[in-house]
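Atoms within each ligand, like the ligands themselves, are counted from 1 in listed order. Computed from a predicted model, the values in this text were never measured in an experiment.
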Amino acid sequence: MSNPVTAIIVGAGHRAFIYADLALRNPEMLKIVGVADPDKIRQKKAKERYGFSEEFCFDSAEELAKQPKLADAVINGTMDEQHIATSIPLLNAGYDMLLEKPFAVNEDEMNMLVDCVRKNNSKVMICHVLRYTPFYYSIKERVASGEIGDIINIQTTENVSYHHLSTSYVRGKWANSDRCHTTMLLAKCCHDLDIMMWLMGDVKPKTVSSFGSKFQFKKENAPENAGEKCLVDCPLVDTCNFSAKRLYLDQPDRWAFYIWDKLEGIENPTDEDRINLLKGDSPYGKCIYKCDNNVVDHQSVIVEFENGATGTHNMVGGSASSLRRIHIVGTKGEIYGNFEEGVFYVKKIHPTKTGECDTQRIDLNTTGDMVGAFGSHGGGDERLAEDFVSFMRNEKPSLACTSIFDSVAGHKTVYLADKSREQGGIPQKY
Ligand SMILES: NC(=O)c1ccc[n+]([C@@H]2O[C@H](COP(=O)([O-])OP(=O)(O)OC[C@H]3O[C@@H](n4cnc5c(N)ncnc54)[C@H](O)[C@@H]3O)[C@@H](O)[C@H]2O)c1
């Protein structure tokens, strides 16, 4: 059996642990041998979870990069705007890398990182976890087999639920682009544009156009008597759909790693700890209409490809539930489905059939093979971590494997869409 790939966690937030946990499930595949994070609580958590000694705890990526090389790879789970500053020294120090998306927050940074990867001949894989879900993976297999012919048009939709929107893009980490340096499209939908580019294969975009704005959560839309902080001075605390009490105290487990991250150092936080946090300076306790959010809450993107095919992506924040939908029309047939339901349909042109076409319904929740192949809970994150090990070992990459070079088209399309949106929809050349 091969030796495990060794890796160091850089940025020990919740994402990095998700991938690193492969080492706990399959120690023959991955071994976590150290951590770099300025947060001492997270350093300790990593050390105890994966069982390495204090001498392999570092305060930053930069400090780690100054040591002699200690592992084959790093799992870089730092925040979006830190990916360049943390990755470049480590790539120059000879590490390969599993790197969270978005791998860069603008085109200049993207080019800088891609050049660095090329110069060092590094292996860098980007965490496009959606590719590894049974739903998208199976659709890609169908498209790649040529069943529906050449793609004429792809429509994708992502509805971001009111809860997720409020938590991440109005009150939370991705609400203000001056702080997080990402747009909502980049943070939320670089996956969707990546899926579109993946399905299009070698056909690259030619022109990108986009519209979007902040529609809902702004001061002028606040109810007349709304307070500043839900639990402190708001008479609507029990009735407002977006009240911190109803969203976070009544449902303390939803998005817990964001909302309660300040309580990480406390072993068993009580309701009182949570109430005090929301009454204090936590952004999650603020009136939803009175935050400093400046990112859009809905955006539409149109892509024209070099072969004349087209694609659209609609991101709509504030919906009652989360939803991802896709509809691909090709010259021989079409595929459409809904990610949350785990069901898609394949329709193939059949001129002599009464209904004009053959229709096949694929239910991924009941198709035994798919469950076996991907794990019972969807398994995108886990599959990606396993594929990173294969990528490191130079084994045959899976259809989903996303090297940094494969991720460029999706990221670049997002940058151009945002540029177009800022210019009122003016088309941008790819
Ligand atoms: N693939 C996905 O579907 C998906 C989903 C959610 C988030 N993400 C992305 O994952 C990334 C991480 O998100 P998160 O919520 O886990 O972040 P986080 O804020 O919980 O963790 C980031 C960690 O980086 C540490 N850090 C800061 N500066 C550092 C430095 N110089 N060197 C080393 N560590 C440093 C912080 O102390 C923190 O512990 C983000 O880029 C995010 O957009 C991806």
Notebook entry, point to check: By ring-ring contact (aromatic ring centres under 6.0 Å, His included), which residues pair with Tyr430, not counting sequence neighbours?
Noted result: none
Next item on the list: May I ask you to list the atoms of ligand 1 that are less than 4.0 angstrom from any heavy atom of Glu62?
Entry: 31 (N)
Checklist line | Asp37, Val74, Asp39: member with heavy atom nearest to atom 39 (O) of ligand 1 | finding: Asp37
Note to self: Test of understanding: given a 4.0 Å heavy-atom threshold, classify the contact between Leu130 and ligand 1 as side chain, backbone, both, or neither.
What the structure shows: neither
Notebook entry, point to check: Can you check whether Thr78's main-chain N or O pairs, donor with acceptor, with Asn76's side chain at less than 3.5 Å?
Noted result: yes
Item checked: Any donor-acceptor pair under 3.5 Å from Ser209 side chain to Gly425 backbone -> yes
Note to self: Just to check, does Tyr258 reach to within less than 4.0 Å of ligand 1 when the distance is taken from its heavy atoms?
What the structure shows: yes
Next item on the list: Among residues two or more places apart or on two chains, list those pairs meeting ring pair (Phe, Tyr, Trp, His ring centres under 6.0 Å) that have a residue in residues 94-115.
Entry: Phe103-His411
Check: Can you list the atoms of ligand 1 that are under 4.0 Å from a heavy atom of Val129?
Finding: 3 (O)
Item checked: Any donor-acceptor N/O pair, Asn293 side chain to Phe217 backbone, under 3.5 Å -> yes
Notebook entry, point to check: Is Arg325 close enough and on-axis enough to Tyr336, meaning under 6.0 Å and within 45°, for cation-pi?
Noted result: no
Next item on the list: Considering the heavy atoms of Val10, write down every atom of ligand 1 situated less than 4.0 Å from one of them.
Entry: 33 (C)
Next item on the list: Apply side chain to side chain donor-acceptor pair (under 3.5 Å) to the pair Gln423 and Gln428, showing each step before the final yes or no.
Entry: CA-CA 10 Å; Gln423 297 175 12; Gln428 307 290 318; 3.0 Å; yes
Item checked: Distance from atom 13 (O) of ligand 1 to nearest protein heavy atom, with residue and atom -> Arg15 CG, 3.7 Å
Check: Between Ser161 (side chain) and Ser322 (backbone), is there a donor-acceptor pair under 3.5 Å?
Finding: no
Checklist line | Top protein contact for atom 9 (C) of ligand 1, by heavy-atom distance | finding: Lys101 O, 3.5 Å
Notebook entry, point to check: Counting only N and O atoms by type, is there a donor-acceptor contact under 3.5 Å from the side chain of Thr167 to the main-chain atoms of His164?
Noted result: no
Check: Which ligand 1 atoms does Cys127 reach within 4.0 Å, using its non-hydrogen atoms?
Finding: 1 (N)
Notebook entry, point to check: With a cut-off of 4.0 Å, which atoms of ligand 1 are near a heavy atom of Ala36?
Noted result: 33 (C), 34 (N)
Check: For atom 24 (O) of ligand 1, what is the nearest protein heavy atom, given as residue, atom name and distance?
Finding: Gly11 CA, 3.2 Å
Next item on the list: Provide, to 0.1 Å, the distance between atom 11 (C) of ligand 1 and the closest protein heavy atom, together with that atom's residue and name.
Entry: Thr78 O, 3.4 Å
Note to self: Is there a polar contact between ligand 1 and His14, counting only N or O atoms under 3.5 Å apart?
What the structure shows: yes
Notebook entry, point to check: Quick check: does any side chain N or O of Asp37 sit under 3.5 Å from a backbone N or O of Ala12, one acting as donor and the other as acceptor?
Noted result: yes
Notebook entry, point to check: What residue and heavy atom of the protein are closest to atom 22 (C) of ligand 1, and at what distance?
Noted result: Gly77 O, 3.4 Å
Check: Nearest heavy atom to atom 14 (P) of ligand 1: which of Gln82, His128, Glu100, Lys173 does it belong to?
Finding: Lys173
Note to self: If the cut-off is 4.0 Å to any non-hydrogen atom of His83, which atoms of ligand 1 fall inside it?
What the structure shows: 41 (O)
Next item on the list: May I ask you to decide if Ser122's main-chain N or O and Asn120's side chain share a donor-acceptor pair within less than 3.5 Å?
Entry: no
Check: To which of Met79, Arg42, Glu264 does the heavy atom nearest atom 20 (O) of ligand 1 belong?
Finding: Arg42
Note to self: Please identify which of these residues, Asp387, Asp381, Asp406, Asp194, meets the salt bridge (Lys or Arg N to Asp or Glu O under 4.0 Å) condition with Arg131.
What the structure shows: Asp194
Next item on the list: Go through ligand 1 atom by atom and flag the ones less than 4.0 Å from a non-hydrogen atom of Trp174.
Entry: 42 (C), 43 (O)
Check: Of all the non-hydrogen atoms in the protein, which one sits nearest to atom 3 (O) of ligand 1, and at what distance?
Finding: His191 NE2, 3.0 Å
Item checked: Nearest neighbour of atom 32 (N) of ligand 1 from the list Ala61, Pro38, Gly13, on a heavy-atom basis -> Ala61
Notebook entry, point to check: What's the shortest distance from atom 41 (O) of ligand 1 to any protein heavy atom, and which residue and atom give it?
Noted result: Asp80 OD1, 2.4 Å
Check: What class does the angle between the rings of His14 and Phe257 fall in, given that below 30° is parallel, 30 to 60° is tilted and above 60° is perpendicular?
Finding: parallel
Note to self: Heavy-atom contact check, 4.0 Å cutoff: does Tyr19 meet ligand 1?
What the structure shows: yes
